[in-house]
Peer 1: 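Sharing a structure with you now.
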Amino acid sequence: MAQMAQKTELLTMTEQVGKLSGSASTIKRKRKFLDVATQTRGNITKATKEAHIGRRTFYNWMEQDPEFAALYEEIQESIIDLIVDRAYHFALGIPQLDDQGNFKGWKIKPDAGTLQLLLRTLGRSRGFSEKTSIELEANIPFIHASEAVKRLVEHAQIL
């Protein structure tokens, strides 16, 4: 169901190309690329090949046409959303239920590694992170670079 909604969202988004810049043929080529990019899940190599444009042309469009760049970025964001949705299935598993709705096993077993990855990335603001912060309080005097150089020279002269 989520996949169908995702596909509908992508198709609707690529139809909103009224503000693309360029000649009529360039706009047509940009629309073709965006349609193909949606189908190839944002794969630039496949999309440029199927849309019959050069990779450099794609990057020029990205730099020169903010509307094109925004539409392509929307495709990328939608793909990331789809991947995260699929990752949830792997992280939490998909239970197999009997006719009465009782648990009888797993279609897909939960995966602890995927769950940890989702928590570390999506749950960072709630404290799920591998980073450790250490706060130290110390009375350490600040030495300006010129003072440090002067001390090194003095120390070198003693040696």
Side-chain angles (χ1 to χ4, degrees), residues 1-140:
M1 188 68 145
Q3 189 175 14
M4 184 185 291
Q6 189 77 28
K7 196 170 187 177
T8 303
E9 180 183 320
L10 289 172
L11 291 174
T12 303
M13 190 264 312
T14 57
E15 291 170 358
Q16 302 170 4
V17 292
K19 297 179 183 175
L20 292 174
S21 65
S23 66
S25 66
T26 299
I27 291 171
K28 186 176 179 180
R29 291 171 59 213
K30 288 178 180 180
R31 288 183 73 153
K32 171 73 174 167
F33 174 85
L34 292 169
D35 288 339
V36 173
T38 300
Q39 295 164 10
T40 61
R41 304 209 190 278
N43 184 313
I44 296 170
T45 301
K46 287 181 181 178
T48 54
K49 208 175 268 189
E50 286 187 40
H52 306 291
I53 65 164
R55 196 173 178 94
R56 183 71 249 163
T57 299
F58 163 75
Y59 288 113
N60 288 340
W61 290 347
M62 289 292 288
E63 291 171 13
Q64 297 165 3
D65 186 346
E67 185 67 23
F68 176 83
L71 288 168
Y72 182 74
E73 287 170 20
E74 278 294 317
I75 291 170
Q76 294 291 80
E77 287 297 318
S78 295
I79 292 163
I80 291 169
D81 289 343
L82 178 63
I83 291 168
V84 169
D85 186 51
R86 297 258 171 99
Y88 279 117
H89 291 298
F90 285 108
L92 303 174
I94 298 177
Q96 189 172 13
L97 307 175
D98 63 16
D99 294 336
Q100 289 76 36
N102 299 316
F103 177 80
K104 70 178 206 178
W106 293 101
K107 290 180 185 176
I108 296 177
K109 290 184 178 182
D111 181 69
T114 306
L115 181 59
Q116 288 175 346
L117 175 67
L118 286 171
L119 287 173
R120 281 194 319 264
T121 54
L122 302 176
R124 187 174 293 139
S125 64
R126 294 172 148 193
F128 293 97
S129 174
E130 291 184 352
K131 292 183 180 178
T132 304
S133 64
I134 300 173
E135 293 182 28
L136 299 174
E137 288 186 33
N139 190 8
I140 302 172

Peer 1: Mind checking what makes side-chain hydrogen bond (donor to acceptor under 3.5 Å, both in side chains) contact with T57, not counting sequence neighbours?
Peer 2: none

Peer 1: How about I53 and K30: do any of their side-chain heavy atoms sit closer than 4.5 Å?
Peer 2: no

Peer 1: For the CD atom of Q96 and the CD1 atom of I108, what is their distance to the nearest 0.5 Å?
Peer 2: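 With rounding to 0.5 Å, CD (Q96) is 11.0 Å from CD1 (I108).
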
Peer 1: Which residue pairs satisfy the salt bridge (charged side-chain N to carboxylate O under 4.0 Å, His left out) criterion with at least one member in residues 87-114, sequence neighbours excluded?
Peer 2: none

Peer 1: Check the pair T114 / H89 against side-chain contact (heavy atoms from CB on, under 4.5 Å), numbers first and verdict last.
Peer 2: CA-CA 9 Å; T114 306; H89 291 298; over 6 Å; no

Peer 1: Restricting to side chain to side chain contact (heavy atoms under 4.5 Å, CB included), what partner residues turn up for Q116, sequence neighbours left out?
Peer 2: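 Q116 satisfies side chain to side chain contact (heavy atoms under 4.5 Å, CB included) with R120 once adjacent residues are dropped.
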
Peer 1: Say you draw a straight line from NZ of K32 to CD of E50; how long is it, rounded to the nearest 0.5 Å?
Peer 2: 7.5 Å

Peer 1: For H52, enumerate each residue passing the side chain to side chain contact (heavy atoms under 4.5 Å, CB included) test, keeping only those at least two apart in sequence or located in another chain.
Peer 2: none

Peer 1: Identify the heavy atoms of L34 and I75 that sit nearest to each other, and give their distance.
Peer 2: O-CD1, 3.6 Å

Peer 1: Considering all heavy atoms of both residues, which atom of T40 and which atom of A47 are nearest to each other, and what is their separation?
Peer 2: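 Nearest heavy atoms, T40 then A47: OG1-CB, 3.8 Å.
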
Peer 1: Run the side-chain hydrogen bond (donor to acceptor under 3.5 Å, both in side chains) test against E63 and tell me which residues pass, sequence neighbours left out.
Peer 2: R56

Peer 1: Roughly how far, to the nearest 0.5 Å, is the CD atom of E73 from the OG atom of S78?
Peer 2: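 Output value for this atom pair is 12.0 Å.
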
Peer 1: Can you list everything that forms a side chain to side chain contact (heavy atoms under 4.5 Å, CB included) with Q76? Sequence neighbours excluded, please.
Peer 2: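 By the side chain to side chain contact (heavy atoms under 4.5 Å, CB included) rule, Q76 matches Y72, I79.
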
Peer 1: Which residues pass the side-chain hydrogen bond (donor to acceptor under 3.5 Å, both in side chains) test with R55, not counting sequence neighbours?
Peer 2: T45, Y59

Peer 1: Are V84 and L122 close enough that some pair of their side-chain heavy atoms sits under 4.5 Å apart?
Peer 2: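 SC-SC contact between V84 and L122 confirmed.
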
Peer 1: Taking C-beta and beyond as the side chain, do L71 and L20 meet within less than 4.5 Å on heavy atoms?
Peer 2: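 Answer yes - side chains close enough.
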
Peer 1: Sequence neighbours left out, what passes side chain to side chain contact (heavy atoms under 4.5 Å, CB included) with S23? Give chain and number order.
Peer 2: S25, T26

Peer 1: Compare all side-chain heavy atoms of S21 with those of D65 and state whether any distance is below 4.5 angstrom.
Peer 2: yes

Peer 1: Can you name the residues that form a side-chain hydrogen bond (donor to acceptor under 3.5 Å, both in side chains) with R126, not counting sequence neighbours?
Peer 2: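 For R126, no residue satisfies side-chain hydrogen bond (donor to acceptor under 3.5 Å, both in side chains) once neighbours in sequence are set aside.
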
Peer 1: Could you name each residue pair satisfying ring pair (Phe, Tyr, Trp, His ring centres under 6.0 Å) that touches residues 106-126, not counting sequence neighbours?
Peer 2: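 Sorted result for residues 106-126: F103-W106.
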
Peer 1: List in chain and number order the residues that pass ring pair (Phe, Tyr, Trp, His ring centres under 6.0 Å) with F90, two or more places apart in sequence or in another chain; answer none if no residue qualifies.
Peer 2: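 In terms of ring pair (Phe, Tyr, Trp, His ring centres under 6.0 Å), with neighbours along the sequence ignored, F90 is linked to no residue.
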
Peer 1: How are the rings of F58 and F33 set relative to one another: parallel (under 30°), tilted (30 to 60°) or perpendicular (over 60°)?
Peer 2: tilted

